[in-house]
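For reference, the structure discussed in these notes is given below.
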Amino acid sequence: MRHVFVLAALGALASSSGVVAQEISIARGELISITSGCHDCHTAGYNESGGKIDPEAALRGVPLGWQGPWGTTYAVNLRDEIKEMDEEAFVKYAKTFIAKPPMPFYNMHAMPESDLRSLYRYIKSLGAPGDPMPEALPPGETPRTPYIVMAPPIMPQ
Ligand code: HEC
């Protein structure tokens with residue numbers, strides 16, 4: 001009888017991907033946001049400071065354009081992006097949304113649900129949403145902000 005309970009408990013811990021479920025907490029959400037690279041693109045000053053998270057700027061987006069064949073995109077203000085979503089809506093959204101480069105949306109699809117819940121709680125804990133970043137531009141439009149051109153190098157003949 002005891003074995004049955006142990007097996008049932010183990011089954012409940014394993015997610016559909018076979019990864020053992022983790023605790024759901026703001027602290028884990030912060031860790032995921034760091035190790036999954038969210039601050040690299042969505043937090044101003046993060047890379048320049050060697051990985052310090054300015055609590056004011058954390059995940060509020062960066063007004064630096066990323067330009068390529070898709071047009072020009074901006075790493076959005078994540079606090080603003082999720083301000084109308086409850087946790088359930090965020091989990092559904094994070095599992096299905098598609099975004100333009102260089103957003104690695106497929107990495108979010110692969111996150112266990114418990115990690116998405118932790119991430120949501122961390123973003124919510126950061127405080128006032130602040131202002132949205134500039135709108136993405138279609139190909140051919142010149143940005144009014146600084147931008148990085150992501151294009152193959154022109155090789156010497
Ligand atoms: C290499 C840079 C980069 C990394 C790393 C990155 N993002 Fe993004 N993210 C972007 C850019 C650029 C956009 C805007 C894409 C667009 O306009 O389609 C974006 C858009 C988004 C969006 C909004 C999509 C929409 O509906 O408009 C969400 C949500 C998001 N990122 C969450 C995250 C999270 C969470 C992480 C960490 C797991 C992360 N991003 C890591 C650059 C990045």
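Because the structure is predicted, anything quoted here is derived from the model rather than measured. Start at 1 and go down the list; that is how both ligands and their atoms are numbered.
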Q | Shortest non-hydrogen contact between K83 and P129, atoms and distance | A | CD-CG, 4.0 Å

**Q.** CD (E56) with more than 12 external heavy atoms under 6.0 Å
**A.** no

Q. Are any N, O or S atoms from H42 nearer to atom 8 (Fe) of ligand 1 than 2.8 Å?
A. yes

Q. For atom 35 (C) of ligand 1, which protein heavy atom lies nearest, and how many Å away is it?
A. M108 SD, 3.4 Å

Q. What is the nearest protein non-hydrogen atom to atom 11 (C) of ligand 1, stated with its residue, atom name and distance?
A. A75 CA, 3.6 Å

Q | atom 30 (C) of ligand 1 - nearest protein heavy atom and its distance | A | L78 CD2, 3.4 Å

Q. Atom 18 (O) of ligand 1: which protein heavy atom is closest, and how many Å away?
A. K100 N, 2.8 Å

Q. So is D40 close enough to ligand 1, meaning a heavy atom under 4.0 angstrom away?
A. no

(Q) Other residues, nucleotides and ligands only: do more than 12 of their heavy atoms fall within 6.0 Å of CG on D86? (A) yes

(Q) With the threshold set at under 4.0 angstrom, would you say Y93 reaches ligand 1 through any of its heavy atoms? (A) yes

Q. Using 4.0 Å as the upper bound for N to carboxylate O, is an ion pair formed by R117 and E88?
A. yes

Q.
I need the nearest protein heavy-atom contact for atom 12 (C) of ligand 1: residue, atom name and distance, please.
A. P102 CD, 3.5 Å

Q) Looking at atom 4 (C) of ligand 1, what's its closest protein heavy atom, distance included? A) C41 SG, 3.3 Å

Q) So does R121 pair up with E87, basic N to acidic O under 4.0 Å? A) yes

Q. Could an N or O of ligand 1 be found under 3.5 Å from any N or O of E81, whether backbone or side chain?
A. yes

Q. To which protein heavy atom is atom 38 (C) of ligand 1 closest, and what is the distance rounded to 0.1 Å?
A. C38 SG, 2.6 Å

Q: Walk me through it: do S118 and I32 pass the test side chain to side chain contact (heavy atoms under 4.5 Å, CB included)?
A: CA-CA 8 Å; S118 293; I32 295 159; 4.2 Å; yes

(Q) In this structure, does ligand 1 have an atom that sits under 4.0 Å from one of the heavy atoms of H39? (A) no

Q: Report the nearest protein non-hydrogen atom to atom 33 (C) of ligand 1: residue, atom name, distance rounded to 0.1 Å.
A: M103 CE, 3.3 Å

